[in-house]
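Below is one structure, written out as C-alpha cells, with a few remarks after it.
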Amino acid sequence: GQNIDQPTEMTATEGAIVQINCTYQTSGFNGLFWYQQHAGEAPTFLSYNVLDGLEEKGRFSSFLSRSKGYSYLLLKELQMKDSASYLCAVRDYTDKLIFGTGTRLQVFP
Amino acid sequence: EAGVVQSPRYKIIEKKQPVAFWCNPISGHNTLYWYRQNLGQGPELLIRYENEEAVDDSQLPKDRFSAERLKGVDSTLKIQPAELGDSAVYLCASSLLLAGGNEQYFGPGTRLTVT
C-alpha cells in the first residue's frame, strides 16, 4: 500500500529553526518532493530529492534517506510568512505523486 | 511566463447539478494533472494526461466524472451529477515530462461547494 506520514501541526517562533519529518512506504520510489501551500492557495514547489543526502536552497533544506524511507524539511530563520502547510509527496514507479496530508506550521512572533 | 490558469475560482451548485472546470497549463508542458484536495488533506490524483492521452485515470470516479484534453493543451473536468461529497478544491497541475525531477506546477484551484 501507499502510506506517507507527517505530523499534522507544528508551531515555532520567528527566527527559530524547525524540522518537518516525513516517512513513506510506497510502490517504488522515484523521488520525493516538498511543497508549500498557504491557506486558500496552490501548492508551490520547494525541493526535490532523489538521492540520499541534503539539498540546500537558501533558508530551506531537504534531506532524504531512501533506506529508511525518511525525509525532512528544515526551515531556518523562520519568518511569519512561513506559516503554511508543508506537503511531502513521493513519486512512485508509475510517476504518480502521492501526497501526505500536510503539516500545518504556525510561526509566532 | 504565465502559470497554470484555472476557472472558475469558486463554484456553488446544488446537488445533482452538473459542473465543469477548465484548465490551461503552462505553455509547452505536455503533462497535465487533475487533483482533488479535501480540507486538511493532501491533493489526490484524479487523472493524468500525457499530451492527449489519459495515462492514469484509475482514481477517477467514472460513473460521474469525466475529463478531456483535446489537442493536448487545455483540459476540462466535469462532474455530472454532483454529490455533497464532491465539495473540495479541484487543482490542475502541469509539468514537462523529462528524466529527473519534473516538478509539477499547480494552478490556483477551483473551490467547489455542493449544497
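Convention: sequence-line order gives letters A, B, ...; per-chain numbering from 1.
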Checklist entry - Met80(A) and Met10(A): same hydrophobic cluster, using ILVMFWY side-chain contacts below 4.5 Å? => result yes

Checklist entry - Going hydrophobic residue to hydrophobic residue with side-chain gaps under 4.5 angstrom, can you get from Leu97(A) over to Ile4(A)? => result no

Checklist entry - What option among Glu41(A), Arg104(A), Lys96(A) has the most heavy-atom pairs under 4.5 Å with chain B? => result Lys96(A)

Next on the checklist: Does Lys71(B), at its NZ atom, have more than 12 non-hydrogen atoms belonging to other residues, nucleotides or ligands within less than 6.0 Å?
Outcome noted: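 Check fails, neighbour count at 12 or below.
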
Item to check | Most chain A-contacting option - heavy-atom pairs closer than 4.5 Å, from Gly40(B), Gly109(B), Pro43(B) | outcome: Pro43(B)

Item to check | Top contributor to chain A contacts, counting heavy-atom pairs under 4.5 Å, from Tyr105(B), Tyr33(B), Phe106(B) | outcome: Phe106(B)

For [X], is it the side chain, the backbone, both or neither that has a heavy atom under 4.5 Å from a heavy atom of chain A?
X: Pro108(B); value: backbone
X: Gln59(B); value: side chain
X: Glu44(B); value: neither

Next on the checklist: What I want to check is whether the side chains of Arg48(B) and Tyr35(B) have a donor and an acceptor closer together than 3.5 Å.
Outcome noted: no

Item to check | Option among Arg64(B), Lys11(B), Lys16(B) that satisfies the salt bridge (Lys or Arg N to Asp or Glu O under 4.0 Å) test with Asp86(B) | outcome: Arg64(B)

